[in-house]
Q: 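Here it is, the structure in full.
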Amino acid sequence: MKIKSIEIFPLKIRQGPVYLGSSSGLRKDSDYYVRPEYRSIYSRNLETLLVKITTECGIYGWGEALAPVAPEVTGEIIDKLFTPFLIGQDARNIDVIWSKLYDSMRERGYFSGFMVDAITAVDVALWDILGKSVQLPVYQLLGGAYRDRIPAYVSGIPKDTREERIKLALEWKAKGFNAIKLHLGYGVREDAEIAAYMREALGSSFRLMIDVHWSYTVPEAIQLGRKLEKLDIEFLEAPTAPEDIDGTAEVSRALDMAVATGEAKRTRYQFKDRLMKRACDILQPDLGRVGITEMKKIATMAEAFNTPIAPHLSVGLGVCIAASIHSSANIPNFLILEYQPTVMEVANKLLKQPLVCENGFYELPEGPGLGVEIDEDQLRSMMNR
Ligand code: MG
């Protein structure tokens with residue numbers, strides 16, 4: 001089943017929701033901006049990279065790489081570096097292809113970032129092809145589903161006042177969700193205050209998580225964690241800088257509550273140190289950055305360290321979300337999957353059959369491959385906008 005063609009679709013959806021709600025820091029002269037409270041560049045658009053790989057027998061698969069900014073960069077890597085190698089390869093040799101692509105720029109220092117994101121888009125498309133070729137869903141190819149509905153937490157309550165935040169959180173609770181993650185990082189005192197009133201409003205059995213986006217020093221993170229423990233917060237995400245493995249380990253050791261990290265990491269090699277040093281209690285690989293093949297390897301390695309996986313999911317659209325669901329079904333040491341309601345809405349506009357997340361659970365797509373079909377007319381019209 002030889003690969004015949006590879007098409008890339010860098011997507012910038014102008015009318016999309018602004019990720020994490022707030023648009024403070026938004027600029028007039030650029031799509032990109034930095035919010036005063038966080039370090040990362042964000043886009044005013046919803047951006048991603050979709051890839052369609054077609055084989056000589058006509059079976060095709062869709063892949064996606066998480067690309068919140070500059071999806072054309074990831075697309076160029078696939079187009080210029082990968083395509084000449086991939087044409088004519090047997091699409092079923094997924095693991096072999098992953099390794100060869102990874103090896104191709106490794107000694108030059110490209111073993112993360114855009115490079116692995118590009119590999120991810122290819123990897124996901126190849127799994128879709130394999131599933132369609134044998135008429136089985138991807139979760140089955142991975143070894144089966146440990147669960148047929150995937151527990152989900154609502155990510156973010158993008159409102160500015162206490163009253164609005166409580167109101168929106170209670171609306172989610174009324175819709176059957178029992179877990180919410182708050183995106184904070186506004187300072188130890190303010191974060192603890194927000195967590196306290198949300199806990200009071202949602203009740204003691206509701207699952208609450210806090211993401212602080214790498215905002216704190218080690219002492220600040222410990223100080224915040226001690227306050228959050230009293231509120232029974234399930235995990236503290238990204239307390240300190242992503243490179244600071246020892247610092248994160250220190251936070252984790254000092255606290256009884258779980259510390260979660262991993263969205264910035266791409267491969268088993270990068271997760272290894274975190275596990276060896278017991279630097280966190282929960283790993284959060286993002287399927288749009290690690291792919292299906294590497295996600296299984298990371299999860300298996302984490303299982304040996306008795307560490308659960310709570311996959312990160314931010315602005316990936318339908319292909320990425322579907323791949324995350326299949327993968328989550330197959331991970332034995334799975335905890336909970338992130339859910340971005342506004343992103344999902346846009347994702348579903350590009351799919352012929354919508355993905356479903358209701359009453360706190362994602363439903364597992366049952367069709368062959370990823371079980372999602374991209375509406376190509378819609379995709380092309382969104383590309384040209
Ligand atoms: Mg995060």
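Just so we're clear, the structure is a prediction, and the values are computed from it rather than from any experiment. Reckoned from all heavy atoms, side chains included, excluding hydrogens, waters and symmetry mates.
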Q: Tell me whether D191 contacts the main-chain N or O of L184 through its side chain, where contact means a donor paired with an acceptor under 3.5 Å.
A: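 Checked: no pair found.
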Q: Which of parallel (below 30°), tilted (30 to 60°) and perpendicular (above 60°) describes Y102 and W98?
A: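 Rings of Y102 and W98: parallel, as their planes differ by under 30°.
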Q: Strictly by modelled atom types, are Q340 and E338 linked by a side-chain donor-acceptor pair under 3.5 Å?
A: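 Yes, side-chain donor-acceptor contact under 3.5 Å.
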Q: Minimum heavy-atom separation for A279 to S252, with atom names?
A: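 Heavy atoms only, the tightest pair is O-CB, 3.8 Å.
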Q: Is a side-chain donor or acceptor of K132 paired with a backbone partner of Y60 at a separation under 3.5 angstrom?
A: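 Answer holds: yes.
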Q: Measure from the ring center of F177 to the ring center of Y339 and say whether it is less than 6.0 Å.
A: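 Yes, the ring of F177 comes within the 6.0 Å limit of the ring of Y339, centre to centre.
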Q: Just checking, is any N or O donor in the side chain of T261 or W214 under 3.5 Å from an acceptor N or O on the other one?
A: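 Looking only at side-chain atoms, W214 and T261 do not form any donor-acceptor pair under 3.5 Å.
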Q: Among residues at least two apart in sequence or on other chains, which ones pass salt bridge (Lys or Arg N to Asp or Glu O under 4.0 Å) with R92?
A: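 By the salt bridge (Lys or Arg N to Asp or Glu O under 4.0 Å) rule, R92 matches D90.
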Q: Should K265 and P285 count as side-chain neighbours, where that means a heavy-atom distance under 4.5 Å?
A: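 No. Closest side-chain heavy atoms not under 4.5 Å.
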Q: With distance as the sole criterion, is a donor-acceptor pair present between the side chains of K173 and N178 under 3.5 Å?
A: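 Side-chain D/A pair, K173 to N178: absent.
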Q: Tell me if the aromatic rings of F9 and W62 count as close, with their centers under 6.0 Å from one another.
A: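 Judged by ring-centre distance (under 6.0 Å), F9 and W62 do meet the cut-off.
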Q: When you compare the side chain of L208 with that of L202, does any pair of heavy atoms fall below 4.5 Å?
A: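 They are in contact (side-chain heavy atoms under 4.5 Å apart), so the answer is yes.
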Q: Does the side chain of K181 come within less than 4.5 Å of I210's, by heavy atoms?
A: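 The answer is no; the side chains never approach within 4.5 Å.
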Q: Judged by modelled atom types alone, do H213 and S40 share a side-chain donor-acceptor pair under 3.5 Å?
A: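 No, no side-chain donor-acceptor contact under 3.5 Å.
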Q: State, without any angle test, whether R35 and Y33 hold a side-chain donor-acceptor pair at a distance under 3.5 Å.
A: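 On atom types as modelled, these side chains qualify, holding a pair under 3.5 Å.
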Q: Mind checking what makes salt bridge (Lys or Arg N to Asp or Glu O under 4.0 Å) contact with E373, not counting sequence neighbours?
A: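 None.
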Q: Could you state the interatomic distance from CD1 (I194) to CZ (R199), rounded to the nearest 0.5 Å?
A: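 Result: 15.0 Å between the selected atoms.
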Q: Between Y42 and E47, does any side-chain donor sit less than 3.5 Å from a side-chain acceptor?
A: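 Result is no, nothing qualifies.
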Q: Taking the six-membered ring of W172 as reference, does the NZ or CZ atom of R165 fall below 6.0 Å from its centre and within a 45° cone about the axis?
A: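 R165 over W172 ring: no.
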Q: For Y139 and E366, which I'm curious about, is there any donor-acceptor pair between the side chains at under 3.5 Å?
A: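 The answer is yes; a qualifying pair exists.
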Q: So which residues get pulled into I282's cluster when ILVMFWY side chains under 4.5 Å apart are joined, directly or through others?
A: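 Grouped by the 4.5 Å side-chain rule, Y153, M209, F235, L335, I336 form the rest of the cluster around I282.
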Q: Identify whether the distance between the nearest side-chain nitrogen and carboxylate oxygen of K297 and D95 falls below 4.0 Å.
A: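 Here K297 pairs with D95 in a salt bridge, since their nearest N and O are under 4.0 Å apart.
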Q: Do N333 and Y146 pair up side chain to side chain, a donor and an acceptor below 3.5 Å, judged on atom types alone?
A: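 No - no donor-acceptor pair under 3.5 Å links their side chains.
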Q: Is R266 reaching over with its side chain to a backbone N or O of F114, donor-acceptor style, under 3.5 angstrom?
A: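 Answer holds: no.
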Q: For T161 and E164, test the side chains for any donor-to-acceptor distance below 3.5 angstrom and give the result as yes or no.
A: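 Note: T161 and E164 side chains meet the donor-acceptor criterion.
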Q: Short question: side chain of T83, backbone of K80 - any donor-acceptor pair under 3.5 Å?
A: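 Between the backbone of K80 and the side chain of T83 there is no qualifying donor-acceptor contact (under 3.5 Å).
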Q: Hydrogens and angles aside, do T217 and E220 bring a side-chain donor and acceptor to less than 3.5 Å of each other?
A: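 Result is yes, a qualifying pair exists.
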Q: Under 3.5 Å, is there a donor on one side chain and an acceptor on the other for D117 and T74?
A: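 Distance-only check fails for D117 and T74.
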Q: Have Q284 and H312 got a donor and an acceptor in their side chains that come within less than 3.5 Å?
A: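 No - no donor-acceptor pair under 3.5 Å links their side chains.
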Q: Is a side-chain donor-acceptor pair under 3.5 Å present for E294 with T267?
A: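 On atom types as modelled, these side chains do not qualify, holding no pair under 3.5 Å.
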